[in-house]
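Quick note: residue numbers are just sequence positions, from 1. Keep in mind that the numbers below use all heavy atoms, side chains included, and drop hydrogens, waters and symmetry copies.
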Amino acid sequence: MAFRETLRSGISISAFTATLALAGGLIPAAAMAQGSQQTTPEQVDEGQPVTDPDAADDDVIVVTGFRASLESAVAEKKLSDQIVESVTAEDIGKLPDASIGESIARLPGLTAQRLNGRANVVAIRGFGPDFSQTLLNGREQTTTSDNRSVELDQYPSEIVNQVVVYKSPTASLVGQGLVGTIDIRTIRPLETGERIIAVGARGSWADIGALNAGSKEFGYRVNGTFVDQFADDTLGISLAASYVDEPYQLQEFNAWGYAGTQVNGQDAALIGGSKSYVTSTRLKRLGVNGTLQWQPMPQLTFTVDGFYSNFDDDQTKRGIELPLGFGAFGTTFNPANFTVEDGLVTSGQFDNVRGVIRNDVFQRKADLYSGGFNALWDGDDGWTAFFDFGYSRTDRNELSLESYSGTGFNGPSTGRGSAATIGFTSGDEGTVFDPSLDYSDPARIFLTDPLGWGGGAIPQAGYSNNRIIEDELFQFRGEVEKEFDGGFLRSVQFGMNYTTREKSLTPDEAFVRLPNGATEVAIPSQFLLRATDLTYLGLGPIVSYDPRELIAAGVLVLEPRVATGPNAANDVLSKSYTVNEDLMTLYLQANIEQELASGVLTGNVGVQGINTVQNSTGFIFPAAGPQRLTLGDDYWDVLPSANLSLRLNSDWVFRVAAAREIMRPRLDDTRLSIGYGIDTSVPGGIIRGGGGNPYLRPYRANAVDFNIEKYFGLGGVVALQLFYKDIKSYVFNGRFEFDYSSFPPPPGSAAYPNLSPIGTLDAPINTGGGDLYGAELAVTLPFDTFTEALEGFGITGGASYTKTKIEDADGNETQIPGYSKWVVNGTAYYENAGFNTRVSARYRSTFLGDFTGFGGSPVRRTALAETIIDAQIGYDFQDGSALEGLSVYLQGQNLTDQPFVSTGAERNQVVDYQLYGRRFLAGFTYKF
């Protein structure tokens, strides 16, 4: 154990850093008995700095604030046997950034995609959120997304104490992802060791303004934390709560796509249509976390913890939908009047355009419950054991309510309503229009079906799509470990984990109609709101109202899709599903430690076996009508892994890691919701279908990592990280052979007496994969490491380059969702004598981004490179001051107002151009 004791004394610059050594797992402690790898939720601690100078020796430097947070990350990286990145709260309830997503996105090799201006999902090493796993205190979590990916803005930053990202797995890491595993950690009161009472508040301002009637440009958030120990420090309790009420604003241009046309014999792309909105979001979120720890004897610790989040994301979306270059709904144009640049029609005129004024609502409400119980025995004889139980549940309603209005009903025979002549100019920021109509005149705008989307004499004045998602997970885990004194083998651990999860989607859809068979109705004046300004699109103001109020008043009514009952339509039933997973995981891991003449060799070797039983229940659609069916699969994955770290006395560390890695497929890809029929174009007929694939297997890869790290003092590091993944199994949409023998005969089968039950299915399928390789450079350098004249100055950040080649089912190279070739981030900071300031920037090159498509379904488009710049300035009142314990700060986010842009087939074919504006936040924290 000499190496451990050396580390313990070597990192005692402060009690804070010693605490971080516990987090790294290299100092024996009652709650930290499993080594440097993640093994159990109870092997985490708060990692908080000691701010009481009386608690430190005279020759000890007490480091606090952002510098302490960086020091924590460096200690975590240095002491871990895995390849990790981490971020730690500067103080209780105070992450370095406004959200978890923004903090993680600054780590080397990581980046984020913005949603309404918020960083809510993270990509690791060029792979999007579908390829990584997120844990809370070491336990798997249900999610507010359709998939496994955790939306990080569900977790208030004020209750998070540390986030660790594991880039290489170990056998004892349960719930690992293909490219990384994110572990969000909350406070453990017995490790904190002191009473803490802290409160905080901040106000926010969106400088883009309140874009929609009823929206706000100012918001706030408040938080409080209480930590204490009782009964001679054998009983500990921590409570943390956060409430957010903040607005987010968005000006958006969106194109349906681009049509091909000819101008003077030259091929050119022409905007096909536009559906552009002004979106105002009001985010309300309550997050509460509590932990109770009891240590009846030094060897035994019980921990009970719980987390609850109530999430209400209410969006008002107002804009105009215009049919243009596709020539749909009667729109005409004359190419002779077009101007073309670089293959794009950049200006011209459309005639006979009937626009649809949209007053839509998108509201997501979610309740997330998570908690667990842990019992840890750390004996004096080298034996350690724990049992852990975890529970997580998410209940989510996602309402998309569309409401249409225009100059008149455009039914099959009426053709009423004024059409517009619209000039346009297309460029790098989308398309700006010049219409001949005033869309803000309530005397000319009616509730109706302007484009005849209802398909008949009865107008469809809107559509209601409520997606009801329930997600529930139970997790049981046990482990025993035996430590050995001396020798190459430090300890051996064996564990078992059982996880059962069920996720279901129930769609609730209806037409929005006008009552009593009316074709158009004037908007009652009492429901009219301040006009929404679309001047940024050249469209001027438009009439505005809240469709929920019109439905409540009976001006609009909801009507079932079919007469047989609500949600009985086949296309609605096909969206519903229930997916069940039962995972039994067994693992064996040997941890090694060998002192050498010039340093020490540490690491682990192990194997993990996972038995997966999965099934899905959904609707199929034979001739007799919709029927429920359940199908599934049962399979094993064997995952060997090894992590070795050679730590030299000269503060050089060399690491190598090798592992078999998996990521279970998207839950909605494994759904059983299959429509099928007979393809009569094939002689004798063949059954073809489409939907999900209940037999889908995981993504699988063989991975190798190699790190070279040089540490400077206790807070500096320069690390070169090289990685390679040989992807053996990937998931793409494709057509493959499928056995329909368990399905009832499809419609029309009587005419094909020799019809084979072996047909084809268009669905997600496992295919051969490809390669992923790259390099990451991580740097954290406090400048006072080199000269005292620069005390308080420093930099932190990283750059990563990733190259990938993935082939789909047809052997064609394709792009990975979330993949960016280059990711660069950096922060320059100064922190001294209470004053602190920092400027941060993060850059990512083009990537395949996730967008919300029709009916809430995910759509992926190429998003352009972006650079986000944030800054913060603050002051912490020092010891002896009348305001000791008070910290104040001012933050600016997205200071350059960077747009979020996606394109079509060519760079100049802009599909999305979104502006969020800048956000400014001012706040304080006070620690009693």
Side-chain angles (χ1 to χ4, degrees), residues 38-41 43-44 82 84-88 95 97 99-107 109-113 115 118-125 127-157 159-170 173-186 285 287 289 305 307-309 311 366 368-372 388 390-394 396 469 471-473 475 477 497 499 501 503 581 583 585 661-667 698-699 817-818 850:
Q38 180 264 3
T39 55
T40 166
Q43 291 174 287
V44 298
Q82 292 169 261
V84 303
E85 310 291 348
S86 68
V87 60
T88 303
L95 272 184
D97 293 282
S99 75
I100 302 173
E102 290 163 357
S103 291
I104 298 176
R106 302 195 194 286
L107 296 175
L110 280 74
T111 189
Q113 178 178 332
L115 173 67
R118 308 192 302 268
N120 77 320
V121 293
V122 168
I124 302 176
R125 287 182 166 173
F127 276 68
D130 289 347
F131 303 93
S132 59
Q133 184 71 277
T134 299
L135 313 175
L136 179 63
N137 291 323
R139 304 184 183 107
E140 291 187 56
Q141 297 298 293
T142 55
T143 63
T144 56
S145 69
D146 286 352
N147 188 28
R148 307 178 194 277
S149 58
V150 169
E151 295 175 314
L152 295 170
D153 53 6
Q154 185 73 28
Y155 298 91
S157 59
I159 71 163
V160 174
N161 208 56
Q162 186 185 35
V163 182
V164 178
V165 181
Y166 298 95
K167 293 181 177 178
S168 68
T170 62
L173 178 59
V174 175
Q176 59 189 257
L178 185 75
V179 292
T181 306
I182 302 170
D183 191 11
I184 302 171
R185 300 173 174 180
T186 57
R285 183 191 61 208
N289 172 254
D305 61 89
F307 169 73
Y308 169 71
S309 174
F311 188 87
L368 174 64
Y369 310 85
S370 181
D388 189 82
Y391 175 77
S392 181
R393 178 181 176 90
T394 299
R396 170 180 138 217
I469 294 97
D471 193 358
E472 188 172 47
L473 181 149
Q475 183 172 356
R477 185 175 177 186
N497 183 87
T499 301
R501 183 175 188 175
K503 190 160 191 168
E581 284 185 339
L583 306 175
T585 304
E661 300 173 343
I662 67 168
M663 181 69 199
R664 297 192 297 278
R666 288 179 60 100
L667 288 162
Y699 300 87
D850 289 321

**Complete:** One should read off an interatomic distance between Ile182 CD1 and Leu107 CG, to the nearest 0.5 angstrom, of 9.0 Å
**Prompt:** For the atom pair CZ (Arg666) and OH (Tyr699), what is the distance rounded to the nearest 0.5 Å?
**Reply:** 8.0 Å
**Request:** Write down the atom of Gln176, the atom of Leu173, and the distance for their closest heavy-atom approach.
**Result:** NE2-O, 3.0 Å
**Request:** For the pair Glu140 and Arg664, evaluate salt bridge (charged side-chain N to carboxylate O under 4.0 Å, His left out) and give the outcome as yes or no after the intermediate values.
**Result:** CA-CA 13 Å; Glu140 291 187 56; Arg664 297 192 297 278; 3.1 Å; yes
**Request:** Might you point out which heavy atoms bring Leu178 and Met663 nearest each other, and give the distance in Å?
**Result:** CB-CB, 3.6 Å
**Message:** For Pro665, is there any backbone N or O sitting under 3.5 Å from a side-chain donor or acceptor partner on Arg148?
**Reply:** yes
**Item:** Asp305 side chain to Gly371 backbone, donor-acceptor under 3.5 Å
**Value:** no
**Complete:** So CG of Leu136 and CZ of Phe307: to nearest 0.5 Å the spacing works out to 7.0 Å
**Asked** With no hydrogens and no angle check, is any side-chain donor or acceptor of Lys503 less than 3.5 Å from a backbone partner on Leu473?
**Response** no
**Prompt:** Which heavy atom in Arg501 sits nearest to a heavy atom in Thr142, and how many Å separate them?
**Reply:** NH2-CA, 3.6 Å
**Message:** Quick check: closest heavy atoms across Leu368 and Ser392, and the distance to 0.1 Å?
**Reply:** CD1-OG, 4.0 Å
**Set of residues satisfying side chain to side chain donor-acceptor pair (under 3.5 Å) with respect to Thr144, sequence neighbours excluded** = Glu151
**Item:** Gln475 (side chain) donor-acceptor with Arg139 (main chain) under 3.5 angstrom
**Value:** no
**Nearest heavy atoms of Thr499 and Asn497, plus distance in Å** = OG1-ND2, 2.9 Å
**Approximate separation, where rounding is to 0.5 Å, of Ile184 CD1 and Leu135 CG** = 8.5 Å
**Item:** Atom pair CD1/CD1 of Ile124 and Ile104 - distance to nearest 0.5 Å
**Value:** 8.0 Å
**Message:** Just by distance, no angles: are the side chains of Thr181 and Asp183 close enough, under 3.5 Å, to form a donor-acceptor pair?
**Reply:** no
**Prompt:** Under 3.5 Å, is there a donor-acceptor pair between the Tyr391 and Glu472 side chains?
**Reply:** yes
**Request:** Could you check whether the rings of Tyr308 and Tyr369 sit parallel, tilted or perpendicular, using 30° and 60° as the cut-offs?
**Result:** tilted
**Item:** Smallest separation among heavy atoms of Ser132 and Val179, with atom names
**Value:** CB-CG2, 4.3 Å
**Request:** Go through the steps for Gln141 and Ser370 under the test side chain to side chain donor-acceptor pair (under 3.5 Å), then give the verdict.
**Result:** CA-CA 8 Å; Gln141 297 298 293; Ser370 181; 2.8 Å; yes
**Item:** Heavy-atom donor-acceptor pair, Asp471 side chain to Thr394 backbone, under 3.5 Å
**Value:** no
